[in-house]
Trainee: 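Here it is, the structure in full.
Keep in mind that the numbers below use all heavy atoms, side chains included, and drop hydrogens, waters and symmetry copies. Being a predicted model, the structure only gives us computed values, none of them experimental.
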Amino acid sequence: MSRKTLKALFHMSTNEYKEEYEHRFNDENTIRLPVNIGDNRAFICQTPEIYKHIIAIERLDKEVTELYYSLPDTAIAQFTSKCLIDEILLTNDIEGVHSTRKEIGEILQDLSSHNKRNRFVGLVTKYVMLENRQTIEFDTCRDIRKIYDDIFYEEIKTTDPENLPDGEFFRRSGVEVQSASQKVIHKGLYPESEIIKAFEQSLTFLNDDSIDIFIRIAVFHYLFGYIHPFYDGNGRMSRFISSYLLSRQLTSLIGFRLSYTIKENISRYYKAFDICNDPHNKGELTPFAEMFLDIIRISMHQLLETLEEKKQRWDYYKQCIAMLPNAEKTDISHLYDLLIQAALFSNIGISREELIKHMELSENTVRSRLKSIPEQLLIENRQKGRKYYLLDLEQVDRMN
């Protein structure tokens, strides 16, 4: 935070608090939203801190994009799938929903063959849309409900049917957000007519092209949590929406990193909600926007560092190929490279089917080439009856 929050000023000086609120709310650069937080009209100050984060995000995006597309297509696809699996694991974990890489990986392996009633199929399917840059509409409450049903309806119907939405679009009854110690820290809007009204106003703000898109994404993320339209799934839903919106503006990979960074900064994340929910903060959402944009900046920076580190290691191990057994043969050298990429960029390895595609060889020939790799160098994994391969880089280090 670049300045004190109104919540903090309230406890310091009544006069300064009132004067500062009037100054902030009425400033010509203040964005006043068409939605209330409690009894106060929501607003956001366009602080230097906000624009510092936005500039940094856009600069980092250019660096990430340039580095990302300098990698081979195989590595890009593998790294994207790995990040997607990690994102779903972490968005579930933040809400205390247990899932495993194996479980998500098996769904991702062949979405078309999966029963849509299976747990997390809807969530995985929607995140795949980020990678494919498919369009999702966010214009009406019906759009929001459709996304929710696509992602969570079957999962919640199976695990906790009493938490399914029971209103026209959202919930009919009240809902409370509790801390780990069971203390009530927030109450969602109620009744449903108020939820619908607030959501329509929030969607109007989200689609207002006169306001910077990153500010709109940050503020809408807060508003979703504040309104809390569903009995269950609100956190995962709001993170998915933010991931989708960010992936439309930046590299699609950012959509698979948001939950990771939120989890690392979870105390700041919840504290910003707490500040902006407090009546003494008078509807100012600047603290949340600054925090959320900083999380995006951190996420982009970490993504860049991760890709740089993997690119450097890939370059190093490519130089090691010449020292490996049978590497003088072109096919084997190519195979080593693919297995190194799998070790560095994938979640589980590269399948035999993928090796056939990338090496442009028959299945029998690929089998033969795999047998040319010493057993101590080759790691084999299985998932849903399919074999995956990668090179044991620790063994490569020992040989060099």
Side-chain angles (χ1 to χ4, degrees), residues 1-8 24 27 29-33 35 37 42-65 83 87 90-91 94 130 138 202-203 205-226 235 237-278 281 283-306:
M1 277 294 298
S2 56
R3 57 183 180 171
K4 288 184 174 62
T5 65
L6 289 174
K7 177 186 175 183
R24 293 184 187 184
D27 188 275
N29 291 318
T30 291
I31 301 169
R32 288 166 284 278
L33 279 66
V35 60
I37 304 300
F43 70 98
I44 179 169
C45 300
Q46 300 184 76
T47 61
E49 191 79 6
I50 283 176
Y51 283 101
K52 182 182 76 173
H53 291 325
I54 291 173
I55 291 168
I57 289 165
E58 292 174 338
R59 176 183 59 78
L60 286 164
D61 182 59
K62 290 179 181 178
E63 295 182 56
V64 168
T65 301
C83 289
E87 178 70 11
L90 286 164
T91 196
I94 290 171
L130 273 62
F138 294 96
S202 299
L203 288 167
F205 173 79
L206 179 63
N207 291 296
D208 185 351
D209 290 336
S210 69
I211 301 168
D212 187 278
I213 183 59
F214 294 109
I215 294 175
R216 284 182 275 151
I217 292 170
V219 170
F220 189 78
H221 190 95
Y222 166 79
L223 291 172
F224 200 107
Y226 173 76
M237 178 78 165
S238 64
R239 285 189 292 279
F240 168 75
I241 291 174
S242 294
S243 289
Y244 170 82
L245 294 170
L246 288 169
S247 73
R248 302 290 287 184
Q249 302 299 317
L250 306 166
T251 171
S252 60
L253 269 182
I254 193 62
F256 307 140
R257 299 285 295 188
L258 185 61
S259 294
Y260 178 89
T261 316
I262 287 175
K263 183 71 185 295
E264 283 192 328
N265 295 270
I266 199 71
S267 295
R268 288 179 63 203
Y269 181 71
Y270 287 145
K271 182 180 179 181
F273 269 113
D274 179 65
I275 289 169
C276 294
N277 289 345
D278 195 296
N281 212 55
E284 185 183 5
L285 305 185
T286 314
F288 190 89
E290 289 181 347
M291 177 281 305
F292 196 75
L293 291 171
D294 190 39
I295 278 182
I296 299 169
R297 180 195 62 78
I298 293 169
S299 190
M300 290 295 298
H301 181 70
Q302 290 178 335
L303 178 57
L304 179 61
E305 286 188 328
T306 299

Trainee: How far apart are the C-alpha atoms of Ile50 and Phe214, what are their side-chain angles, what is the distance that settles it, and do they pass the side-chain contact (heavy atoms from CB on, under 4.5 Å) test?
Mentor: CA-CA 9 Å; Ile50 283 176; Phe214 294 109; over 6 Å; no
Trainee: Tell me if a side-chain donor or acceptor on Ser247 pairs with a main-chain N or O of Ser252 at a distance below 3.5 Å.
Mentor: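 Judged by distance alone, no pair lies under 3.5 Å.
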Trainee: Given the side-chain rings of Phe138 and Phe220, with only the six-membered ring counted for Trp, is the space between their centroids under 6.0 Å?
Mentor: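 No; Phe220 has its ring centre 6.0 Å or more from that of Phe138.
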Trainee: CZ/Phe256 to OG1/Thr91 distance, rounded to the nearest 0.5 angstrom?
Mentor: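 The CZ atom of Phe256 sits 12.5 Å away from the OG1 atom of Thr91.
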Trainee: Please check this pair: side chain of Arg239 against backbone of Leu258, looking for a donor-acceptor N/O pair closer than 3.5 Å.
Mentor: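 A pair under 3.5 Å: no.
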Trainee: Can you tell me if Ser259 uses its side chain to pair, donor with acceptor, with the backbone of Leu90 under 3.5 Å?
Mentor: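 Looks like no, no N/O pair under 3.5 Å.
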Trainee: Drop me the distance from Ile275's CD1 to Asn281's CG, to the nearest 0.5 angstrom.
Mentor: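 CG of Asn281 is found 7.0 Å from CD1 of Ile275.
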Trainee: State whether Arg24 and Asp27 are salt-bridged, where the test is any N-O pair (Lys NZ or Arg NE/NH1/NH2 against Asp/Glu carboxylate O) under 4.0 Å.
Mentor: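 Salt bridge between Arg24 and Asp27, a charged N being under 4.0 Å from a carboxylate O: no.
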Trainee: Taking the side chain as every heavy atom from C-beta outward, state whether Thr5 and Asp278 have any atom pair closer than 4.5 Å.
Mentor: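 Not in contact.
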Trainee: Within the distance-only criterion (no hydrogens, no angle test), does the side chain of Thr251 pair as donor or acceptor with the backbone N or O of Thr65 below 3.5 angstrom?
Mentor: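 The answer is no, because no donor-acceptor pair under 3.5 Å joins these two groups.
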Trainee: Output the distance between atom CZ (Phe43) and atom CD1 (Ile37), rounded to the nearest 0.5 Å.
Mentor: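 If we round to the nearest 0.5 Å, Phe43:CZ and Ile37:CD1 are 11.0 Å apart.
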Trainee: Rounded to the nearest 0.5 Å, what separation is found between the SG atom of Cys276 and the OH atom of Tyr226?
Mentor: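 Spacing of SG (Cys276) from OH (Tyr226) equals 11.5 Å.
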Trainee: Return the minimal non-hydrogen interatomic distance between Asn29 and Gln46, and the atom names on each side.
Mentor: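 Looks like O-NE2, 2.7 Å.
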Trainee: Which atom pair, heavy atoms only, marks the closest approach of Pro287 to Ala272?
Mentor: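 Smallest interatomic distance, heavy atoms only, reads O-CB, 4.4 Å.
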Trainee: Minimum heavy-atom separation for Leu303 to Ile254, with atom names?
Mentor: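 Shortest heavy-atom separation between Leu303 and Ile254 comes out as CD2-N, 4.4 Å.
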Trainee: Within the 4.5 Å heavy-atom criterion, are Val64 and Leu250 side-chain neighbours or not?
Mentor: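 Side-chain contact under 4.5 Å: no.
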Trainee: Is there a side-chain contact (heavy atoms from CB on, under 4.5 Å) between Ile215 and Ile54 once you walk through the steps?
Mentor: CA-CA 9 Å; Ile215 294 175; Ile54 291 173; 4.1 Å; yes
Trainee: Arg59 vs Glu63, test: salt bridge (Lys or Arg N to Asp or Glu O under 4.0 Å). Steps then yes/no.
Mentor: CA-CA 7 Å; Arg59 176 183 59 78; Glu63 295 182 56; 2.6 Å; yes
Trainee: What orientation do Phe288 and His221 show, parallel under 30°, tilted 30 to 60°, or perpendicular over 60°?
Mentor: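 Rings of Phe288 and His221: parallel, under 30°.
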Trainee: Could you tell me which non-hydrogen atom of Leu206 sits nearest to which non-hydrogen atom of Arg216, and how far apart they are?
Mentor: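 Heavy atoms only, the tightest pair is O-NH1, 2.8 Å.
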Trainee: Does any N or O in the side chain of Ser299 come within less than 3.5 Å of the main-chain N or O of Ile295, such that one atom is a donor and the other an acceptor?
Mentor: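 Judged by distance alone, no pair lies under 3.5 Å.
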Trainee: Rounded to the nearest 0.5 Å, how far apart are CG of Asp208 and CD1 of Ile31?
Mentor: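 Asp208 atom CG to Ile31 atom CD1 measures 8.5 Å (nearest 0.5 Å).
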Trainee: Which atom names give the shortest non-hydrogen contact between Leu293 and Ile57, and what distance separates them?
Mentor: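 Distance-wise, the nearest heavy atoms are O-CD1, 3.6 Å.
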Trainee: Take Asp274 and Lys271 through the test salt bridge (Lys or Arg N to Asp or Glu O under 4.0 Å) and record every step on the way to the result.
Mentor: CA-CA 5 Å; Asp274 179 65; Lys271 182 180 179 181; over 6 Å; no
Trainee: For a quick test of reading the model, state the closest non-hydrogen atom pair linking His301 to Leu60 and the distance between them.
Mentor: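 So the two residues come closest at N-CD1, 3.9 Å.
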Trainee: Does any non-hydrogen side-chain atom of Thr306 lie less than 4.5 Å from one of Arg257?
Mentor: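 Sidechains of Thr306 and Arg257: in contact.
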Trainee: Between Tyr269 and Phe273, what is the ring plane arrangement, given parallel below 30°, perpendicular above 60°, and tilted in between?
Mentor: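 Taking Phe273 first and then Tyr269, their aromatic rings stand perpendicular (interplane angle over 60°).
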Trainee: Within the 4.5 Å heavy-atom criterion, are Tyr222 and Val219 side-chain neighbours or not?
Mentor: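 Tyr222 vs Val219: side chains apart.
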Trainee: Please report the interatomic distance OG1(Thr47) to NE2(His53), rounded to the nearest 0.5 Å.
Mentor: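 With rounding to 0.5 Å, OG1 (Thr47) is 7.5 Å from NE2 (His53).
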